[in-house]
Amino acid sequence: MDQPTFQSAPTTAAASIAPAIESRLNQRAAPALLPTRLVAVQLGAGPGLPAPQPVTIAPSPLPLPFASHWAVQVVAGPALTYRALNMAAGAGAGTSPSPPYLTTNTSTPVATLERPALGSAAQITVRRTLGSRWSLSAGLGYAEYASALALQQVHTTPTSVVANRPNFADSTGIHRRDTYRFVTVPVRVGYGWTLSGRWRVGLLAGAEAAVYVGGSSTEGSPCACQSQTWSFANNPYRRLSVGASLGAEARYRLAGGRWELLAQPTATYLLTSLAPAASAYYQRHLFGGAALLGVAFNLP
């Protein structure tokens, strides 16, 4: 007689509970075991929201630096100079100023025979732009005014001195260049126009103080054959004169915008006479026209 097979009840119950416990433990440990990832979520425009529109914002203009309106400029060049000549106040009516004279036996003053001559001028100035048209400049300069003298000095010797040669005469050629040198302080007002991106032209007007520093002239010498050299400390002229100037300018801006080529033809007239009013010398008002060329550097 066959006997029935029996299984242990506790063993069967444990086998059925173990998978449930393991599944529960895995669910608790899963969040710690999974790697963390960042997910970008893009939200689409809903039917009720308008799409974003680009907005253009114009930046407000920044104020220019103060130094951008400034420039340093240097010019120099030759000048054609002369003088206006008036009778000396201390000479008296109908008389001539003090020597030299043309010859030893005539009262023709040598000064009346002077001719224009080449001088020179140079300036270093600082220029300030005042708006789009106006400008103001001031600085330090040098000016040399000159006049030329070329003549024949004739000496006549009586017959009693040179036997058998009546009215014997000899002549001496005289070539002199009178110079008057000044240190100047020019002040100019400018008005200009821009012709293109690189060219600018304008007009200049102003005044200058001129300090006499030396030179040479025939004034003060006993005859026209000699020139007297003067210094700042020893001279018969005014130490300080005042002049007026008028000119034009043309500017060409080089690549980069900082440097400019500069041309400034300028005419200057000294309003103050060279010799003092009470002097026995002629009252000279020096004037001249200078062809000044140079460069300008615009500060950043």
- Closest approach of Ala143 to Thr184 (non-hydrogen atoms, all atoms of both residues): CB-CG2, 4.1 Å
- Message: The criterion is side chain to side chain donor-acceptor pair (under 3.5 Å); which residues satisfy it with Thr179, sequence neighbours excluded?
- Response: Ser216
- Heavy-atom donor-acceptor pair, Thr266 side chain to Gln264 backbone, under 3.5 Å: yes
- Message: As an exercise, state the distance from CZ of Arg128 to OG of Ser135, rounded to the nearest 0.5 Å.
- Response: 11.0 Å
- Qualifying salt bridge (charged side-chain N to carboxylate O under 4.0 Å, His left out) pairs with a residue from residues 249-273, counting only residues at least two apart or across chains: Glu249-Arg251, Arg251-Glu260, Arg253-Glu260
- Item | Ser273 backbone acceptor or donor facing Arg238 side chain under 3.5 Å | yes
- Non-neighbouring partners of Arg83 that pass salt bridge (charged side-chain N to carboxylate O under 4.0 Å, His left out), sequence neighbours left out: Glu114
Quiz: residues 285-295 side-chain donor-acceptor pairs under 3.5 angstrom, not counting sequence neighbours:
{"residue": "His285", "atom": "ND1", "partner": "Leu270", "partner atom": "O", "Å": "3.3"}
{"residue": "His285", "atom": "ND1", "partner": "Leu271", "partner atom": "O", "Å": "3.3"}

- Query: Taking only residues two or more places apart in sequence or in another chain, which ones pass side chain to side chain donor-acceptor pair (under 3.5 Å) with Arg177?
  - Reply: Glu144
- Flag side-chain contact, heavy atom, 4.5 Å: Tyr282 against Thr112: yes
- Audit row: Val201, Leu195, side-chain contact (heavy atoms from CB on, under 4.5 Å) steps and yes/no: CA-CA 7 Å; Val201 297; Leu195 298 182; 3.8 Å; yes
- Say you draw a straight line from CZ of Arg284 to OG of Ser279; how long is it, rounded to the nearest 0.5 Å? 10.5 Å
- Task: Check whether Leu261 and Trp199 end up in the same hydrophobic cluster, where Ile, Leu, Val, Met, Phe, Trp and Tyr are linked by side-chain heavy atoms less than 4.5 Å apart.
- Result: yes
- side chain to side chain donor-acceptor pair (under 3.5 Å) partners for Thr268, two or more places apart: none
- Quick one: closest heavy-atom pair of Ala205 and Leu246, and the distance? CB-CD1, 4.0 Å
- Can Leu254 be reached from Leu299 by stepping across I, L, V, M, F, W or Y side chains whose heavy atoms are under 4.5 Å apart? yes
- Message: So, using ring-ring contact (aromatic ring centres under 6.0 Å, His included) as the criterion, who are the partners of Phe232 when residues are at least two apart?
- Response: none
- Heavy-atom closest pair (Pro186 atom, Thr125 atom, distance to 0.1 Å) is CG-CG2, 4.3 Å
- Do any N or O atoms from the side chain of Ser231 and from the backbone of Gly214 form a donor-acceptor pair under 3.5 angstrom? no
- Task: Indicate, with yes or no, if Val189 and Trp70 share a hydrophobic cluster defined by side-chain heavy-atom contacts under 4.5 Å among Ile, Leu, Val, Met, Phe, Trp and Tyr.
- Result: yes
- Message: Applying side chain to side chain donor-acceptor pair (under 3.5 Å), can you list everything that pairs with Ser120, at least two apart in sequence or on another chain?
- Response: none
- Main-chain N/O of Pro276 paired with Gln283 side-chain donor or acceptor, under 3.5 Å: yes
- Pairs flagged by salt bridge (charged side-chain N to carboxylate O under 4.0 Å, His left out) wherever residues 187-205 is involved - sequence neighbours left out: Arg188-Glu208
- Do Trp193 and Leu136 belong together in a cluster built from hydrophobic side chains that touch within less than 4.5 Å? yes
- Task: Of all the heavy-atom pairs spanning Thr218 and Ser227, show the shortest one and how long it is.
- Result: CG2-OG, 4.1 Å
- Could you label the plane-to-plane angle of the Tyr237 and Trp230 rings as parallel, tilted or perpendicular, counting under 30° as parallel and over 60° as perpendicular? perpendicular
- Message: I'd like to check the ring-ring contact (aromatic ring centres under 6.0 Å, His included) partners of Tyr145; sequence neighbours left out, ordered by chain and number.
- Response: Phe182
- Item | Sequence neighbours excluded - salt bridge (charged side-chain N to carboxylate O under 4.0 Å, His left out) pairs with any residue from residues 291-300 | none
- Message: Please tell me whether Tyr82 and Tyr269 are part of a single hydrophobic cluster in this structure, the criterion being side-chain heavy atoms less than 4.5 Å apart.
- Response: yes
- Hey, could you give me each pair passing ring pair (Phe, Tyr, Trp, His ring centres under 6.0 Å) that has a residue in residues 113-134? Not counting sequence neighbours. Trp134-Tyr191
- Query: What's the shortest heavy-atom distance between Asn298 and Ala71, and which atoms?
  - Reply: OD1-CB, 3.6 Å
- Message: Ignoring hydrogens, what is the shortest heavy-atom contact between Leu240 and Ala209? Give both atom names and the distance.
- Response: CD1-CB, 4.1 Å
